[in-house]
Amino acid sequence: MHTHNTSIRWWRPAVWAAGGFALGILSGRLWLAIFVALVFGGARLIGELARPAAPEPDTPPLSADMASHYQAAGLSASEVDLFRDTMDKAADQIRDFEAITGRVPKLAAIAANQDLIAVLHAYFKAIVQTPSHMAAAGHFLYEQLPNLLRIASKYETISHHEVQTADTANVLTTAANTLSDLAGAIRSDYANFVEADLDALEADVALAKKQLPHQDSIVRPVPINVEKEKVQ
């Protein structure tokens with residue numbers, strides 16, 4: 001939960017109080033000038049207290065290590081902002097879905113059957129490790145994950161209805177099947193996302209092997225047999 005801080009701009013009540021004093025003093029009565037100054041200053045102070053606070057940024061400050069990570073990935077400043085906002089929202093959605101599965105046994109069973117919670121965390125970590133490939137995970141970030149949370153949330157709400165009809169049971173069954181299919185799709189997309197990294201690693205390994213000298217061309221040292229001197 002993000003808190004909000006209201007900063008009172010004290011110069012405003014002071015200006016209003018001074019203006020009220022100036023208006024009141026025109027009457028030639030000091031007490032009236034002081035009274036009007038207090039009324040004006042108090043009114044402005046109430047307005048300052050009621051002023052909507054500027055929300056604190058949802059995304060945590062960028063650390064030096066992550067800044068270097070994004071720079072190495074070739075992201076511009078605007079791309080970094082977009083990436084961090086997107087992933088911060090995804091993190092919230094994953095936490096919310098995980099919380100729902102902790103409250104609804106049926107959804108917990110579906111998630112466990114697909115190992116979904118672990119896949120969600122692994123997918124998130126893989127995207128963070130390769131921020132330049134976020135577009136390849138767009139289907140997961142902008143469609144699959146929001147739909148997963150939306151259906152799970154509605155499932156939880158309907159499952160708590162006091163009166164469960166046949167239609168209710170049918171809707172819950174359909175929702176559960178949809179969540180199971182969606183979990184399978186996310187698992188498959190995650191495998192495809194990390195496959196590119198696996199291919200890149202295999203290519204690097206193959207190149208490294210080619211650059212190594214062939215075993216037959218390696219010059220091995222000739223063993224030297226040293227005979228001990230006989231003691232006469």
Side-chain angles (χ1 to χ4, degrees), residues 1-7 9 51-102 107 110-111 114-156 178-211:
M1 180 181 296
H2 301 286
T3 58
H4 302 273
N5 295 323
T6 301
S7 178
R9 297 167 294 187
R51 178 171 57 91
E56 294 182 356
D58 290 338
T59 305
L62 179 62
S63 66
D65 290 342
M66 291 307 298
S68 300
H69 176 63
Y70 295 138
Q71 184 178 10
L75 270 64
S76 65
S78 60
E79 288 172 335
V80 170
D81 290 339
L82 174 62
F83 179 83
R84 298 184 72 230
D85 289 343
T86 301
M87 297 310 294
D88 189 60
K89 183 177 181 180
D92 289 340
Q93 291 171 333
I94 293 173
R95 281 192 294 267
D96 291 344
F97 176 77
E98 193 169 0
I100 292 175
T101 60
L107 299 186
I110 294 174
Q114 296 281 357
D115 202 16
L116 182 56
I117 301 301
V119 170
L120 291 176
H121 285 282
Y123 207 161
F124 182 92
K125 184 178 180 180
I127 298 172
V128 172
Q129 290 176 341
T130 56
S132 59
H133 298 164
M134 185 180 73
H139 187 49
F140 167 70
L141 293 171
Y142 300 117
E143 295 183 25
Q144 291 176 332
L145 185 55
N147 288 337
L148 186 74
L149 178 59
R150 187 181 304 110
I151 296 174
S153 179
K154 291 181 179 179
Y155 185 100
E156 180 182 26
T178 302
L179 284 173
S180 181
D181 293 341
L182 189 54
I186 292 174
R187 188 183 185 92
S188 177
D189 282 5
Y190 166 67
N192 292 333
F193 183 82
V194 298
E195 185 178 3
D197 291 336
L198 296 177
D199 292 341
L201 177 59
E202 289 179 354
D204 290 342
V205 171
L207 179 61
K209 286 183 176 180
K210 290 181 179 179
Q211 293 175 344

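- The two residues V119 and I186 come nearest to each other via the heavy atoms CG1-CG2, 4.2 Å.
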Query - Worked check of side-chain contact (heavy atoms from CB on, under 4.5 Å) between D88 and D85 - result: CA-CA 5 Å; D88 189 60; D85 289 343; 5.7 Å; no
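- Contact detail for A137 and I127: the closest heavy-atom pair is CB-CD1, 3.5 Å.
- The minimum heavy-atom distance between Q114 and G184, with the atom names listed, is OE1-CA, 3.9 Å.
- Put simply, the side chain of H121 does not reach to within 4.5 Å of the side chain of K125, judged on heavy atoms.
- Atom OG of S63 sits about 8.0 Å away from atom OH of Y70, to the nearest 0.5 Å.
- With respect to D92 and K89, no salt bridge is recorded, no charged nitrogen being found less than 4.0 Å from a carboxylate O.
- The shortest distance between side-chain heavy atoms of L149 and I100 falls below 4.5 Å.
- The shortest non-hydrogen separation linking H69 to P131 is NE2-CD, 3.5 Å.
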**Report entry** Worked verdict on F193 versus T130 for side-chain contact (heavy atoms from CB on, under 4.5 Å)
**Finding:** CA-CA 10 Å; F193 183 82; T130 56; 3.6 Å; yes
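- Checked by atom type and distance alone, the side chain of T101 pairs as donor or acceptor with a backbone atom of E98 at under 3.5 Å.
- Listed here is the closest heavy atom pair of L141 and Q93: O-OE1, 4.4 Å.
- The closest donor-acceptor contact from the side chain of T86 to the backbone of L82 lies under 3.5 Å.
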**Report entry** Residues L145, Y123; criterion side-chain contact (heavy atoms from CB on, under 4.5 Å); working and verdict
**Finding:** CA-CA 11 Å; L145 185 55; Y123 207 161; over 6 Å; no
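- The distance from the OG atom of S180 to the CG atom of L107 is 11.0 Å, given to the nearest 0.5 Å.
- When every heavy atom of L120 is checked against every heavy atom of I94, the shortest pair comes out as O-CD1, 3.8 Å.
- To the nearest 0.5 Å, the span separating CG on L116 from CZ on F97 amounts to 4.5 Å.
- Summarising the local packing, CD of E143 is surrounded by more than 12 heavy atoms from other residues, nucleotides or ligands at distances under 6.0 Å.
- To the nearest 0.5 angstrom, D189 atom CG is 4.5 Å from Q144 atom CD.
- Of the listed residues (V128, L62, L75), just one forms a side chain to side chain contact (heavy atoms under 4.5 Å, CB included) with R84, and that residue is L62.
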